[in-house]
A.B. asks: 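Pasting a structure here, questions to come.
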Amino acid sequence: MNLENKGTVFSVNKIFQIGFNRCATTSLFEFFNKNKVPSYHFWGSKRRKLANIMKRNFLNGAPILSSTDDKVFFSDMEDYIPQRLFAYSEYYQLMDKDYPDSRFILNVRDVNDWIESRARLHRGKVIDGEKKHSNVDKDEEVFDIWKNHYYSHIKNVKSYFKGRASDLLVFDIDSDSISKLIEFFKDDISLDPKHWRVTNRRNTEPWN
């Protein structure tokens with residue numbers, strides 16, 4: 001699928017960020033958006049959450065992005081509050097099926113740093129939501145649940161895309177340069193590294 005937007009020409013169907021929130025999702029969104037790649041981040045069309053749109057489409061048997069597939073790059077596809085929905089984890093195989101010739105970014109970081117960052121999100125409300133959903137009482141129990149999900153999701157994604165190196169990019173925000181991402185997309189999109197910067201840091205926000 002060849003697309004052109006304000007002078008930027010690229011050949012790819014969709015680009016899905018299917019790693020976790022608090023792993024540079026906003027930075028990735030802004031990077032693609034500033035490179036003139038039409039993008040959605042968390043919110044889809046008509047200010048509806050991407051995760052909820054995808055769940056509704058799944059339940060209705062429609063293509064996973066129906067009614068909000070007018071963009072190319074999609075990131076932060078989750079709705080933790082008030083529900084616990086990780087659409088990037090639940091539906092990435094349907095994204096692949098419904099939108100062939102797409103690319104996927106599995107963005108990762110040190111798991112303990114990721115847990116620390118997520119714990120601070122919304123001043124601990126994410127922890128409280130997990131306790132209620134999983135019927136646990138202690139923060140440490142929540143962190144164990146998150147760690148297990150982190151590792152299982154990465155394992156499942158890598159297994160699903162085994163032998164498809166041109167479709168999946170594993171991007172470690174701790175150690176990988178933006179040049180790795182640019183190189184991965186070189187046959188699809190011309191990306192300018194000047195637009196890359198790490199945003200939305202929350203290192204000092206307490207969770208309790």
Side-chain angles (χ1 to χ4, degrees), residues 10-35 37 39-42 50-51 54 64-65 71-78 80 85-118 121 143-202:
F10 43 95
S11 57
V12 66
N13 195 344
K14 305 294 182 187
I15 301 169
F16 298 106
Q17 170 263 308
I18 57 171
F20 299 89
N21 196 2
R22 309 310 306 155
C23 290
T25 55
T26 301
S27 300
L28 288 166
F29 161 72
E30 291 190 357
F31 179 67
F32 279 96
N33 199 44
K34 288 178 180 178
N35 272 289
V37 180
S39 304
Y40 276 134
H41 178 75
F42 189 75
L50 287 170
M54 297 169 81
I64 202 69
L65 289 176
K71 305 295 187 185
V72 176
F73 178 76
F74 296 80
S75 63
D76 202 3
M77 296 171 283
E78 70 172 59
Y80 213 116
L85 174 60
F86 305 113
Y88 59 83
S89 178
E90 295 288 334
Y91 306 129
Y92 67 87
Q93 295 186 27
L94 284 175
M95 299 175 205
D96 185 41
K97 174 179 175 292
D98 291 341
Y99 301 90
D101 194 29
S102 291
R103 307 287 180 264
F104 294 79
I105 302 172
L106 179 63
N107 48 312
V108 300
R109 66 186 294 190
D110 176 85
V111 65
N112 293 316
D113 290 344
W114 169 71
I115 288 172
E116 177 81 7
S117 182
R118 180 188 262 187
L121 194 59
F143 301 156
D144 285 341
I145 291 168
W146 290 355
K147 185 173 289 189
N148 289 335
H149 182 218
Y150 180 91
Y151 284 125
S152 64
H153 177 60
I154 291 173
K155 179 181 178 181
N156 291 339
V157 168
K158 287 182 176 180
S159 176
Y160 178 79
F161 284 100
K162 185 177 181 179
R164 297 174 57 187
S166 63
D167 295 330
L168 175 69
L169 170 68
V170 180
F171 187 65
D172 189 327
I173 68 168
D174 291 328
S175 59
D176 289 334
S177 165
I178 194 61
S179 61
K180 179 180 179 181
L181 185 147
I182 292 171
E183 176 69 16
F184 179 80
F185 285 100
K186 68 178 182 179
D187 294 331
D188 300 314
I189 313 169
S190 178
L191 298 168
D192 191 334
K194 74 179 182 182
H195 296 303
W196 174 251
R197 66 186 183 94
V198 178
T199 62
N200 203 21
R201 295 181 185 272
R202 297 178 187 234

A.B. asks: In Å, rounded to the nearest 0.5 Å, how long is the span from CG of Asp110 to OG of Ser175?
C.D. replies: 10.5 Å
A.B. asks: Closest heavy-atom contact between Phe184 and Ala165?
C.D. replies: CE1-O, 3.4 Å
A.B. asks: Applying side-chain contact (heavy atoms from CB on, under 4.5 Å), can you list everything that pairs with Asn33, at least two apart in sequence or on another chain?
C.D. replies: Phe29, Ser39
A.B. asks: Rounded at 0.5 Å granularity, tell me how far CG in Leu191 sits from NZ in Lys34.
C.D. replies: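 Leu191 CG to Lys34 NZ: 14.0 Å, rounded to 0.5 Å.
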A.B. asks: Quick one: CG on Asp192 to CZ on Phe31, what's the gap to the nearest 0.5 Å?
C.D. replies: 7.5 Å
A.B. asks: Which heavy atom of Leu85 sits nearest a heavy atom of Tyr91, and at what distance?
C.D. replies: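 Result for this residue pair: CD1-OH, 4.3 Å.
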A.B. asks: Looking at side-chain heavy atoms only, is the closest gap between Phe73 and Leu28 below 4.5 Å?
C.D. replies: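 A side-chain contact under 4.5 Å exists here.
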A.B. asks: Could I get the full list of side-chain hydrogen bond (donor to acceptor under 3.5 Å, both in side chains) partners for Gln93, not counting sequence neighbours?
C.D. replies: none
A.B. asks: With sequence neighbours excluded, tell me which residues meet side-chain hydrogen bond (donor to acceptor under 3.5 Å, both in side chains) with Lys180.
C.D. replies: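 side-chain hydrogen bond (donor to acceptor under 3.5 Å, both in side chains) list for Lys180, sorted by chain: Asp176.
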A.B. asks: Filter on salt bridge (Lys or Arg N to Asp or Glu O under 4.0 Å), then keep only pairs touching residues 150-170, sequence neighbours left out; what's left?
C.D. replies: Asp96-Arg164, Arg103-Asp167, Arg164-Asp167
A.B. asks: Could you tell me whether the side chain of Asn35 and the main chain of Val37 form a donor-acceptor pair under 3.5 Å?
C.D. replies: no
A.B. asks: Residues two or more places apart in sequence or in another chain: which of them pass side-chain hydrogen bond (donor to acceptor under 3.5 Å, both in side chains) with Trp196?
C.D. replies: none
A.B. asks: Is the shortest heavy-atom distance from the side chain of Gln17 to the side chain of His41 under 4.5 Å?
C.D. replies: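 They are not in contact (no side-chain heavy atoms under 4.5 Å apart), so the answer is no.
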A.B. asks: What residues form a side-chain hydrogen bond (donor to acceptor under 3.5 Å, both in side chains) with Asn112, not counting sequence neighbours?
C.D. replies: Lys147
A.B. asks: Which residues pass the ring-ring contact (aromatic ring centres under 6.0 Å, His included) test with Tyr92, not counting sequence neighbours?
C.D. replies: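 Listed in chain order: His153, Tyr160.
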A.B. asks: Output the distance between atom CD1 (Ile105) and atom OG (Ser75), rounded to the nearest 0.5 Å.
C.D. replies: 9.0 Å
A.B. asks: Given side chains that start at C-beta, do those of Trp146 and Val111 come closer than 4.5 Å, heavy atoms only?
C.D. replies: no
A.B. asks: Taking side chain as C-beta onward, heavy atoms only, is Met54 less than 4.5 Å from Leu94?
C.D. replies: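 Sidechains of Leu94 and Met54: no contact.
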A.B. asks: Considering residues at least two apart in sequence or located in another chain, which fulfil the ring-ring contact (aromatic ring centres under 6.0 Å, His included) criterion with His149?
C.D. replies: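 Listed in chain order: Phe20, Phe86.
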A.B. asks: So, using side-chain contact (heavy atoms from CB on, under 4.5 Å) as the criterion, who are the partners of Tyr99 when residues are at least two apart?
C.D. replies: Asn13, Lys14, Phe16, Pro63, Ile64, Leu65, Asp69, Ser102
A.B. asks: Please identify each residue that fulfils ring-ring contact (aromatic ring centres under 6.0 Å, His included) with Phe161, with sequence neighbours left out.
C.D. replies: Phe104
A.B. asks: If only atom types and distance count, is the side chain of Asp76 paired as donor or acceptor with the main-chain N or O of Thr25 below 3.5 Å?
C.D. replies: no
A.B. asks: How long is the straight-line distance from CG of Asn21 back to OG1 of Thr26, given to the nearest 0.5 Å?
C.D. replies: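 It is 7.0 Å, given to the nearest 0.5 Å.
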A.B. asks: Report the distance from atom CG of Asp113 to atom CG of Asp174, rounding to the nearest 0.5 Å.
C.D. replies: 6.0 Å
A.B. asks: Quick one: are Ile189 and Val72 in side-chain contact, heavy atoms under 4.5 Å?
C.D. replies: no
A.B. asks: Taking all non-hydrogen atoms of both residues, which atom of Val198 and which atom of Ser27 are closest, and how far apart?
C.D. replies: CA-OG, 3.3 Å
A.B. asks: Side-chain contact test, heavy atoms from C-beta onward, threshold under 4.5 Å: evaluate it for Val12 versus Phe185 and give yes or no.
C.D. replies: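 Of all side-chain heavy-atom pairs linking Phe185 with Val12, none is under 4.5 Å.
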